[in-house]
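All figures in this text were calculated on a predicted structure; none of them were measured in a lab. When a ligand or atom number is given, it counts from 1 through the structure's own listing order.
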Amino acid sequence: MPSVRAATIPNLPPVVRRFVQYVQIDTQSDPDAETTPSTKKQLDLSRLLFSQLEDLGLDAHLDEHGYVYATIPSTLDDGAAIPTLGLVAHVDTSPDEPGGPVQPFIHTDYQGDVIALPGDPSVTLDPDRQPALSDHVGHDLITSDGTTLLGSDDKAGVAVLMQLAEMLTDDDTPRPEIRLLFTVDEEIGRGVDKLDRERFGADVAYTVDGGGVGGIYAETFNAAEAVVTVEGVTVHPGYAKDIMVNAVRVLAELIAALPADEGPATTEDRAGYFYPHKITHGETGRAAVKILLRDFEDDGMARRKALVQRLADEAVERHSARVSVEINDSYQNMLRYIEASDPRTVSFAEAAARAIGIEPERRLVRGGTDGARLSEQGIPTPNLFTGGHDFHSRFEWNTVQNLQTSLDFVRALVRHWGEHGAAQSS
Ligand SMILES: [Zn+2]
């Protein structure tokens, strides 16, 4: 099975050609930078997208932060009766692994074997470790050369939306007005920090930033952070009997009392967790810990908050230490906002998947997304599959066929909104 430098293959489908072009532009974001975008190189791709959109004759805008906005007009006379549809992807790639220069390779007609990547043979694609590979026998896999991530997260979404824009320029099947949005710094949690919501102008939206084919992601964790601070009593340890209150011991006991089978390393799927992730003070006189609380259910989150408070109360009783608990919500499960504003965002995505012969699968996001923040702000924004796998790694991959499926899916979704979007019932 030949592994070929993607840039040398002449007859790639247009969406794959775009993908290959975009992944070669290093757009890694940087969590330590305070500017927007966090890295200037993200602008290299933003500028390219802006000029390609202008070349398509679209009304496009590149702002000083690197966000790219564009409008694809509706084909309907009464387009205004249908919600304006936002489609979102992010230009940056993860800071977790080297971000460039990316050398994309295509491994045609995959046979289910282990592939050593050409730039670093210690990096392999291995179906034992990456079971989704076994579902892709016969596909043409796309990877990096193994020395960098691939950046399918989220160049796949970028390529799909750009190819969609090109296809829709001479396509008059029914569709609402579409607002494209390419964001920066999503991987460092700031993807919508500088969003101009008025310019975006979408009523409903999707991020095209998900994983394997079929996945529709409408649920995130409820997330909160508890800060537990113990104030101890310090005194010379040789003369401390019945006087010293050692905040370090009190805090350690409290952390140890958190259920060990409810941590990030012991849970998956719908199970939430307690994650004491940082000791911020650790002295006899004062010790403090930050604990992340995660749960898909509201009552589960309430139970987690109550347990932290109870452990603190017990520490007060046992040690006559002063213990304070401060809990702040970080974000909410976005499903509630989606259901409150327009649940069709999910059912239409499922219908569009079926329309192209894909069985949709609702998947959970064990974290947050930019869509969660948009949903909270009143723009219901589920996340959609792109066909990519093993994000943020040097063995990240997508396939020629999955990119095409992802494009077909988003196109069917646009059409579904055009044909059925006017009958808003809520
Ligand atoms: Zn992403």
Would you call E64 and K194 a salt bridge, using N to O less than 4.0 angstrom?
no

Not counting sequence neighbours, which residues clear salt bridge (charged side-chain N to carboxylate O under 4.0 Å, His left out) with E297? List them please.
R270

Partners of R17 by salt bridge (charged side-chain N to carboxylate O under 4.0 Å, His left out), sequence neighbours excluded?
none

Quick one: which residue pairs count as a salt bridge (charged side-chain N to carboxylate O under 4.0 Å, His left out) with a foot in residues 49-59, not counting sequence neighbours?
none

Could you label the plane-to-plane angle of the Y69 and Y67 rings as parallel, tilted or perpendicular, counting under 30° as parallel and over 60° as perpendicular?
parallel

Near the Zn ion (ligand 1) (protein N/O/S, cut-off 2.8 Å, waters excluded) we have H90 NE2, D153 OD1, D209 OD1, D209 OD2

Check whether the side chains of Q309 and D313 place a donor and an acceptor atom closer than 3.5 Å, and report yes or no.
yes

